[in-house]
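The structure appears below as structure tokens.
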Protein chains: 2
Amino acid sequence: MKEGPDISHLAALIGDPARANMLTALMSGQALTARELAMEAGITPQTASSHLKKLQEGRLIALRQQGRHRYFALAGPEVSAVLESLMGLAGGMGQRRSRVGPKDASLRHARVCYNHLAGQRGVQMYDSLLRQDMLVLTPNGITVSPAGEAFVSALGVDLAGLRTARPLCRDCLDWSERRSHLGGALGRALLAQMEAKGWARRSKDSRAIVFTSEGKRQFDRAFPPQGLT
Amino acid sequence: MKEGPDISHLAALIGDPARANMLTALMSGQALTARELAMEAGITPQTASSHLKKLQEGRLIALRQQGRHRYFALAGPEVSAVLESLMGLAGGMGQRRSRVGPKDASLRHARVCYNHLAGQRGVQMYDSLLRQDMLVLTPNGITVSPAGEAFVSALGVDLAGLRTARPLCRDCLDWSERRSHLGGALGRALLAQMEAKGWARRSKDSRAIVFTSEGKRQFDRAFPPQGLT
DNA sequence: GCAATGCTTCGATACGGATCGAAGCATTTG
DNA sequence: CAAATGCTTCGATCCGTATCGAAGCATTGC
């Protein structure tokens with residue numbers, strides 16, 4: 001009895017350490033060259049080439065060629081969601097990981113997930129927006145209230161420009177917090193604004209997002225944690 | 001750069017066809033013996049034994065021994081969720097599957113997902129409950145309204161008995177519908193009631209759930225599709 | 001135009017892991 | 001108690017796949 005989609009092939013694609021590392025690196029939402037991905041995975045370019053071919057054929061990544069540079073990115077947020085899902089379960093076995101390094105803490109605190117904010121900060125933001133009724137959960141998805149529209153516009157988000165993007169808001173399950181953070185076009189726009197305002201920046205060699213002192217203050221003011229409303 | 005939990009090991013566990021088939025078989029929420037799982041995967045008992053050992057060590061399945069029979073079940077709903085997530089992505093590559101058989105249609109229509117109802121029927125039920133404000137989405141999860149409590153009690157669900165179960169309601173992303181259906185203790189109780197009332201039964205050799213004509217009528221009456229409110 | 005660089009393809013190698021027959025242990029049944 | 005049954009372990013085999021050096025092709029920069 002083989003029922004439903006064939007998950008073994010898909011899982012096997014992710015199940016190679018080199019490929020898993022490359023996919024993880026692409027979760028930041030940025031496109032990386034074949035060479036960069038080879039270095040991420042600690043393998044030669046020729047090995048990376050054959051791996052990337054497999055991921056491409058499996059539709060996990062997409063290619064954009066610029067001259068001799070070949071940029072690969074995740075094929076879409078659905079891929080990122082599956083990877084987060086796997087991380088959530090694998091994280092539950094975290095006791096089995098030989099070393100919980102400082103990087104894990106910074107990832108849990110704030111990290112980029114397909115261009116939007118994840119981790120404790122990501123969940124804090126989402127919760128706050130919901131609590132203040134700026135975002136509203138409906139059976140058809142998440143909508144932005146009029147107050148929410150005014151709020152994010154005041155933060156510098158060009159909502160009209162985002163309207164064409166679907167979905168505007170997407171509920172993205174956070175592997176470290178086991179709760180949702182905000183994905184979708186609005187989630188991406190909000191992170192971009194934080195970067196533009198200098199509240200936070202992306203780490204150079206990690207998916208972690210680092211907030212400045214001022215950025216933390218501004219963030220907490222904009223998205224107050226529970227109990228500070 | 002190796003960030004976050006190690007997903008490759010977990011994915012590799014799922015990435016073997018035999019193991020994937022066994023995990024899929026366990027998604028019904030029932031426990032199966034080692035022999036039954038061997039037959040599910042089309043391998044010998046000795047091969048199954050070594051596979052099951054790996055899944056056990058990987059904490060994807062849990063063992064309950066009864067004499068010489070060893071019953072294995074999924075370790076929890078988190079595992080089921082990951083499998084559904086993989087199915088969703090793999091299903092998006094459905095064009096690549098060599099044969100879309102009649103079974104896929106029946107699975108899409110109604111199937112069991114870790115003991116609760118999934119597929120079109122599952123999503124219909126969830127949407128209906130939300131639309132009628134019997135379930136309410138809150139930032140802290142899904143709650144049952146007073147009207148919802150009365151409703152499910154009238155259906156025969158012993159809510160008091162479920163109160164100790166956590167979570168009572170859980171939003172479970174449906175791979176075939178790309179929307180959520182209702183998991184958690186209430187989701188399981190509702191499916192059990194449908195079975196008890198004879199509205200529907202589980203297929204013998206599949207995760208598909210088959211509704212009787214009367215069951216369809218009763219189901220649509222209890223959980224009217226959009227437009228029939 | 002040539003050298004440097006990025007990337008893919010080819011071919012060979014080595015390793016890991018799925019597989020099953022045989023054997024052994026535990027439980028159940030008559 | 002003996003036979004049947006369920007399951008695990010052992011050992012051998014074979015296949016698939018990741019890997020990298022070498023070679024080739026395409027692009028870029030001087």
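Remember, predicted model here, so these are calculated numbers, not experimental data. The chains referred to below are lettered A, B, ... by the order of the sequence lines, with proteins before strands, and numbering in each begins at 1.
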Item to complete: Please determine if Arg179(B) and Asp127(B) form a salt bridge, counting it only when a charged side-chain N lies under 4.0 Å from a carboxylate O.
Response: yes

With a 4.0 Å cut-off (strictly under) to non-hydrogen atoms of chain A, the first and last hit nts on DNA chain C, 5' to 3', are dA4(C) to dT9(C)

### Query
Can you find a side chain N or O atom of Arg19(A) that sits less than 4.0 Å from OP1 or OP2 on dA18(D)?
yes

Within-4.5 Å side-chain heavy-atom neighbours: Leu10(B) and Leu60(B): yes

Salt bridge present between Arg111(B) and Asp174(B) (N-O < 4.0 angstrom): yes

In Arg188(A), Arg170(A), His181(A), the residue satisfying side-chain hydrogen bond (donor to acceptor under 3.5 Å, both in side chains) with His116(A) is His181(A)

Between Tyr71(B) and Ala12(A), the residue closer to the 5' end of DNA chain D by nearest nucleotide is Tyr71(B)

- Query: Are Ile142(B) and Asp171(B) side-chain neighbours, meaning at least one heavy-atom pair lies under 4.5 Å?
  - Reply: yes

Per side-chain contact (heavy atoms from CB on, under 4.5 Å), Leu37(A) is matched among Arg70(A), Arg19(A), Met22(A), His51(A) by Met22(A)

Rounded to 10°, the helix from dG1(C)-dC30(D) to dG30(C)-dC1(D) deviates from straight, judged by its five-pair end axes, by 30°

- Message: Taking the side chain as everything from C-beta on, heavy atoms only, tell me whether Asn115(B) gets closer than 4.5 Å to Leu191(B).
- Response: no

Distance-only donor-acceptor check, side chains Glu214(A) and Gln218(A), under 3.5 Å: yes

Separation of dT17(D) atom C1' from His9(A) atom NE2, nearest Å, is 12 Å

